[in-house]
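The structure appears below as structure tokens.
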Amino acid sequence: MEYGIIITIAVFIISLIVNDYKRYKHSYYSQITNHSYLAIHFNAGISGEYSLYKQIQSFEMIGCKFLFNLYIPRKNGATSEIDIVMLHPKGLFVIESKNYSGWIFGKEYQKQWVETFPNGDKYRFYNPIMQNATHIRAIREIVNDRIPIYSVIAFSNQCTLKDVTIKSDIIVTYYNSLALNIDHKLNSLTNNDMSAELFNETYSKLYQYSQADDLIKARHLQNLY
């Protein structure tokens with residue numbers, strides 16, 4: 001009897017894994033990034049990015065398109081690494097993913113924010129709003145000036161935004177609230193939709209930067225240090 005129960009549980013778990021694998025391989029994220037199935041479970045950065053994508057994947061049903069890990073050239077010769085760009089007829093949502101787990105403290109105009117942990121450890125990191133502003137300036141050099149660009153900072157559900165002060169209309173939220181926040185933002189916009197031609201043209205311009213080779217990625221890392 002016990003052996004039969006073990007077999008049943010094992011078959012059930014394998015079935016879940018197989019179905020999850022199929023969903024991933026058929027996702028737009030998998031097709032664009034070519035990340036392996038194992039990477040979304042064992043690479044923290046990729047895991048966070050994929051988790052974030054799943055929260056807003058439903059926007060594909062209304063015609064949105066996504067690009068991931070874009071390496072956009074900057075005027076100083078460096079590159080900006082952008083986590084996710086969501087293209088919507090009303091503009092571009094440039095999304096910076098922060099897969100953190102501690103308490104987050106920071107104000108919009110402070111250069112450094114802080115992540116703290118129960119054991120007292122602290123980790124300082126560059127203000128993600130300023131970071132994303134740099135990304136947006138790089139994108140602005142490429143896309144049509146008429147296209148609005150919106151800044152979005154999304155933190156993992158495992159962290160707590162303990163004392164984060166934002167006075168502008170920049171979206172700072174959690175992964176599981178991201179879709180709702182973007183939807184509210186879209187409902188507040190009064191600008192006209194971009195034409196299908198401009199939408200597709202913008203996607204084509206940005207797509208090439210989502211297909212960076214290892215050399216571009218290595219140079220990006222060198223410029224960070």
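Scope of the values below: all heavy atoms of this structure, side chains included, with no hydrogens, waters or symmetry mates. Starting from 1, each residue takes its place in the sequence as its number.
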Do you know which two heavy atoms are closest between L198 and N144, and how far apart they sit?
CD1-CB, 4.0 Å

Could you tell me which residues satisfy ring-ring contact (aromatic ring centres under 6.0 Å, His included) with H184, sequence neighbours excluded, listed by chain and number?
none

Keeping H220 on the side-chain end and S80 on the backbone end, is there a donor-acceptor pair under 3.5 Å?
no

OH/Y150 to NZ/K185 distance, rounded to the nearest 0.5 angstrom?
6.5 Å

Do I147 and I62 share a hydrophobic cluster, counting only Ile, Leu, Val, Met, Phe, Trp and Tyr and linking them when any side-chain heavy atoms are less than 4.5 Å apart?
yes

Determine the interplanar angle of the Y50 and Y29 rings, folded into 0 to 90°, and report it as parallel if under 30°, tilted if 30 to 60°, perpendicular if over 60°.
tilted

State whether the side chain of N187 and the backbone N or O of D183 hold a donor-acceptor pair below 3.5 Å, judged by distance alone.
yes

For R74 and T79, which heavy atoms make the closest approach, and how far apart are they?
CD-C, 3.7 Å

Could you work out the complete set of other residues in the hydrophobic cluster of M130, with links drawn between I, L, V, M, F, W and Y side chains under 4.5 Å apart?
Y126

Would a 4.5 Å heavy-atom cut-off, applied to side chains only, mark N176 and Q55 as touching?
yes

Going by salt bridge (Lys or Arg N to Asp or Glu O under 4.0 Å), name the pairs with one or both residues in residues 203-213, residues two or more places apart or in two chains.
E201-K205

Do K75 and E141 come within less than 4.5 Å of each other through their side chains, counting heavy atoms only?
yes

Determine whether F68 and L52 satisfy the following criterion, side chain to side chain contact (heavy atoms under 4.5 Å, CB included), listing intermediate values before the conclusion.
CA-CA 11 Å; F68 309 92; L52 181 55; over 6 Å; no

Compare every heavy atom of F93 with every heavy atom of V152, then report the nearest pair and how far apart it is.
CG2-CD2, 3.9 Å

Any donor-acceptor pair under 3.5 Å from N200 side chain to A196 backbone:
yes

All side chain to side chain contact (heavy atoms under 4.5 Å, CB included) counterparts of N192, not counting sequence neighbours
none

ring-ring contact (aromatic ring centres under 6.0 Å, His included) partners of Y209, counting only residues at least two apart
none

Can you tell me if N76 has over 12 outside heavy atoms packed within less than 6.0 Å of its CG?
yes

Scan side-chain atoms only and decide if Q158 and S156 contain a donor-acceptor pair under the 3.5 Å cut-off.
yes

T173 backbone acceptor or donor facing N181 side chain under 3.5 Å:
no

Should F155 and T160 count as side-chain neighbours, where that means a heavy-atom distance under 4.5 Å?
no

I171 side, atom CD1; E96 side, atom CD - distance, nearest 0.5 Å:
14.0 Å

Check the surroundings of atom CD in E197: do more than 12 heavy atoms from other residues, nucleotides or ligands lie under 6.0 Å from it?
no

Hey, does Y24 have a side-chain heavy atom less than 4.5 Å from the side chain of I40?
yes

I'd like to check the side chain to side chain contact (heavy atoms under 4.5 Å, CB included) partners of S168; sequence neighbours left out, ordered by chain and number.
E108, I166, I170

Transitively linked via ILVMFWY side-chain contacts under 4.5 Å: Y109 with I136?
no

Are any of the side-chain heavy atoms of D121 and T116 separated by less than 4.5 Å?
no

D20: partners by salt bridge (Lys or Arg N to Asp or Glu O under 4.0 Å), with sequence neighbours left out:
R23

Does the S210 side chain pair with the main chain of Y207, one donor and one acceptor, at a distance under 3.5 Å?
yes

Check I95 against A154 and note the closest heavy-atom contact, atom names and distance.
CG2-CB, 4.4 Å

Going hydrophobic residue to hydrophobic residue with side-chain gaps under 4.5 angstrom, can you get from M86 over to Y174?
no

Decide yes or no for I182 and L180: does some side-chain heavy atom of the first lie under 4.5 Å from some side-chain heavy atom of the second?
no

Ionic contact status for K65 with E60, cut-off 4.0 Å
no

Q110 side-chain N/O to K107 backbone N/O, donor-acceptor pair under 3.5 Å:
yes

Taking only residues two or more places apart in sequence or in another chain, which ones pass ring-ring contact (aromatic ring centres under 6.0 Å, His included) with Y100?
F125

Side-chain donor/acceptor of S51 to backbone N/O of S47, under 3.5 Å:
yes

Hydrophobic cluster (4.5 angstrom, side-chain heavy atoms) - remaining members for I216
Y71

Looking at V164 and I104, what are the two nearest heavy atoms and their distance?
CG2-O, 3.6 Å

Which hydrophobic side chains are connected to V18, either touching it within the sub-4.5 Å cutoff or through other members that do?
I14

Residue pair L92 / L206, side-chain heavy-atom distance below 4.5 Å:
yes

Across all chains, not counting sequence neighbours, the ring-ring contact (aromatic ring centres under 6.0 Å, His included) partners of F66 are Y53

Surrounding NZ of K22 (heavy atoms of other residues, nucleotides or ligands, distance under 6.0 Å), is the total greater than 12?
no

On a heavy-atom basis, the closest approach of S151 and I153 is OG-CD1, 4.2 Å

Would N69 and E49 count as having a side-chain donor-acceptor pair, cut-off 3.5 Å?
yes

Give, for atom OG1 of T134 and atom CG of N127, the distance between the pair rounded to the nearest 0.5 Å.
10.0 Å

Criterion salt bridge (Lys or Arg N to Asp or Glu O under 4.0 Å) on E115 and K122, from CA distance to verdict:
CA-CA 6 Å; E115 178 186 24; K122 293 184 178 182; over 6 Å; no

Please tell me whether I84 and V172 are part of a single hydrophobic cluster in this structure, the criterion being side-chain heavy atoms less than 4.5 Å apart.
no

Of all pairs that satisfy salt bridge (Lys or Arg N to Asp or Glu O under 4.0 Å), the ones with a partner from residues 126-138, not counting sequence neighbours:
none

Applying the 4.5 Å side-chain criterion to the ILVMFWY set and letting contacts propagate, would I142 and I149 be lumped into a single cluster?
yes

